[in-house]
Engineer: 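One structure follows; several queries about it will come next.
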Amino acid sequence: MYLEIITPDKKVYAGEVEAAQFPGANGSFEVLNSHAPLISTLENGRIRITTKQGQEFFTVDGGVVEVLNNKIIVLAESVTE
């Protein structure tokens with residue numbers, strides 16, 4: 001899957017991932033390959049991404065995530081690594 005994490009200031013992350021976990025408004029959820037399309041709001045919390053190299057974490061201050069055709073786009077208010 002391809003993931004982009006974008007803030008109003010810059011593109012924080014762009015690349016291939018095997019899995020991504022998000023702090024959704026109704027609880028944490030994980031997206032895997034061939035996930036059903038969805039749009040969700042994000043709470044303040046941590047995004048965990050899993051790549052072939054290991055795991056990375058990003059802390060977001062709210063935002064929106066869209067999953068469609070193995071592409072994930074995160075529009076975040078702000079992000080810290």
Side-chain angles (χ1 to χ4, degrees):
M1 295 178 299
Y2 187 76
L3 169 68
E4 287 185 345
I5 301 175
I6 303 167
T7 67
D9 300 335
K10 63 181 177 175
K11 187 180 290 188
V12 177
Y13 181 89
E16 291 292 322
V17 299
E18 295 179 350
Q21 186 177 35
F22 300 99
N26 294 321
S28 180
F29 65 94
E30 188 168 30
V31 175
L32 300 172
N33 199 30
S34 299
H35 196 283
L38 74 82
I39 295 176
S40 177
T41 56
L42 298 175
E43 294 292 315
N44 296 350
R46 195 163 75 162
I47 295 175
R48 181 186 78 202
I49 62 170
T50 304
T51 66
K52 290 182 180 179
Q53 290 75 36
Q55 293 186 344
E56 289 186 56
F57 298 91
F58 301 91
T59 301
V60 296
D61 291 331
V64 177
V65 60
E66 177 190 46
V67 179
L68 183 63
N69 297 327
N70 274 342
K71 184 172 182 181
I72 306 167
I73 300 175
V74 177
L75 303 173
E77 298 290 330
S78 67
V79 176
T80 54
E81 293 183 44

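Because the structure is predicted, anything quoted here is derived from the model rather than measured.
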Engineer: First locate atom OG1 of Thr80, then atom CZ of Phe57, and finally report the distance between them rounded to the nearest 0.5 Å.
Structural biologist: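 With rounding to 0.5 Å, OG1 (Thr80) is 13.0 Å from CZ (Phe57).
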Engineer: Of the non-hydrogen atoms in Glu4 and Ala14, which two are nearest, and what is the gap between them?
Structural biologist: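 Closest approach of Glu4 to Ala14: CG-CB, 4.2 Å.
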Engineer: Report whether Ile72 and Val12 are members of the same hydrophobic cluster (ILVMFWY, side-chain heavy atoms less than 4.5 Å apart, transitive linking).
Structural biologist: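 Same cluster.
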Engineer: Are Val64 and Leu3 grouped together when hydrophobic residues (ILVMFWY) are joined by side-chain heavy atoms under 4.5 angstrom apart?
Structural biologist: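 Different hydrophobic clusters.
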Engineer: Between Val31 and Phe22, does the side-chain contact (heavy atoms from CB on, under 4.5 Å) criterion hold? Intermediate values first, please.
Structural biologist: CA-CA 8 Å; Val31 175; Phe22 300 99; 3.9 Å; yes
Engineer: Locate the shortest heavy-atom distance separating Glu30 from Ala19; write the atom from each residue and the value.
Structural biologist: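 Minimum heavy-atom separation between Glu30 and Ala19: OE2-CB, 3.6 Å.
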Engineer: How many angstroms lie between NE2 in His35 and CG in Leu68, if you round to the nearest 0.5 Å?
Structural biologist: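 Between His35 NE2 and Leu68 CG, I get 12.5 Å after rounding to 0.5 Å.
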Engineer: Looking at every heavy atom in both Gly24 and Ser40, which two are closest together, and how far apart are they?
Structural biologist: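 Answer, listing the atom of Gly24 first, then Ser40: CA-OG, 4.3 Å.
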Engineer: Check whether any side-chain heavy atom of Glu16 sits under 4.5 Å from a side-chain heavy atom of Tyr2, and report yes or no.
Structural biologist: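 Counting from C-beta outward, Glu16 and Tyr2 do come under 4.5 Å.
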Engineer: Got a second to check how far Leu75's CG is from Thr7's OG1, nearest 0.5 Å?
Structural biologist: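 Result: 10.0 Å between the selected atoms.
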Engineer: How would you list all residue pairs meeting side chain to side chain donor-acceptor pair (under 3.5 Å) that involve residues 17-26, not counting sequence neighbours?
Structural biologist: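 Matches after skipping sequence neighbours: Gln21-Ser28, Gln21-Arg48.
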Engineer: Using side-chain contact (heavy atoms from CB on, under 4.5 Å), reason through Glu56 and Tyr13 one step at a time and then give a plain yes or no.
Structural biologist: CA-CA 10 Å; Glu56 289 186 56; Tyr13 181 89; 3.8 Å; yes
Engineer: Working to the nearest 0.5 Å, report the span between CD of Glu77 and CG of Asp9.
Structural biologist: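 It is 11.0 Å, given to the nearest 0.5 Å.
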Engineer: Apply side chain to side chain donor-acceptor pair (under 3.5 Å) to Asn44 and list each qualifying residue two or more places apart in sequence or on a separate chain.
Structural biologist: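 By the side chain to side chain donor-acceptor pair (under 3.5 Å) rule, Asn44 matches no residue at all.
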Engineer: Would you mind reporting whether Val65 and Ile39 have side-chain heavy atoms less than 4.5 Å apart?
Structural biologist: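 Of all side-chain heavy-atom pairs linking Val65 with Ile39, none is under 4.5 Å.
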Engineer: Could you go step by step and tell me if Val67 and Phe29 meet the side-chain contact (heavy atoms from CB on, under 4.5 Å) rule?
Structural biologist: CA-CA 12 Å; Val67 179; Phe29 65 94; 5.6 Å; no
Engineer: State which residue, out of Ile6, Thr59, Val60, fulfils the side chain to side chain contact (heavy atoms under 4.5 Å, CB included) condition with Val79.
Structural biologist: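 Only one of Ile6, Thr59, Val60 forms a side chain to side chain contact (heavy atoms under 4.5 Å, CB included) with Val79, namely Val60.
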Engineer: Working to the nearest 0.5 Å, report the span between CD1 of Ile49 and CE of Met1.
Structural biologist: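 Output value for this atom pair is 10.0 Å.
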Engineer: Which distance, rounded to the nearest 0.5 Å, do you find between the CG of Leu42 and the CD1 of Ile47?
Structural biologist: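 It is 6.0 Å, given to the nearest 0.5 Å.
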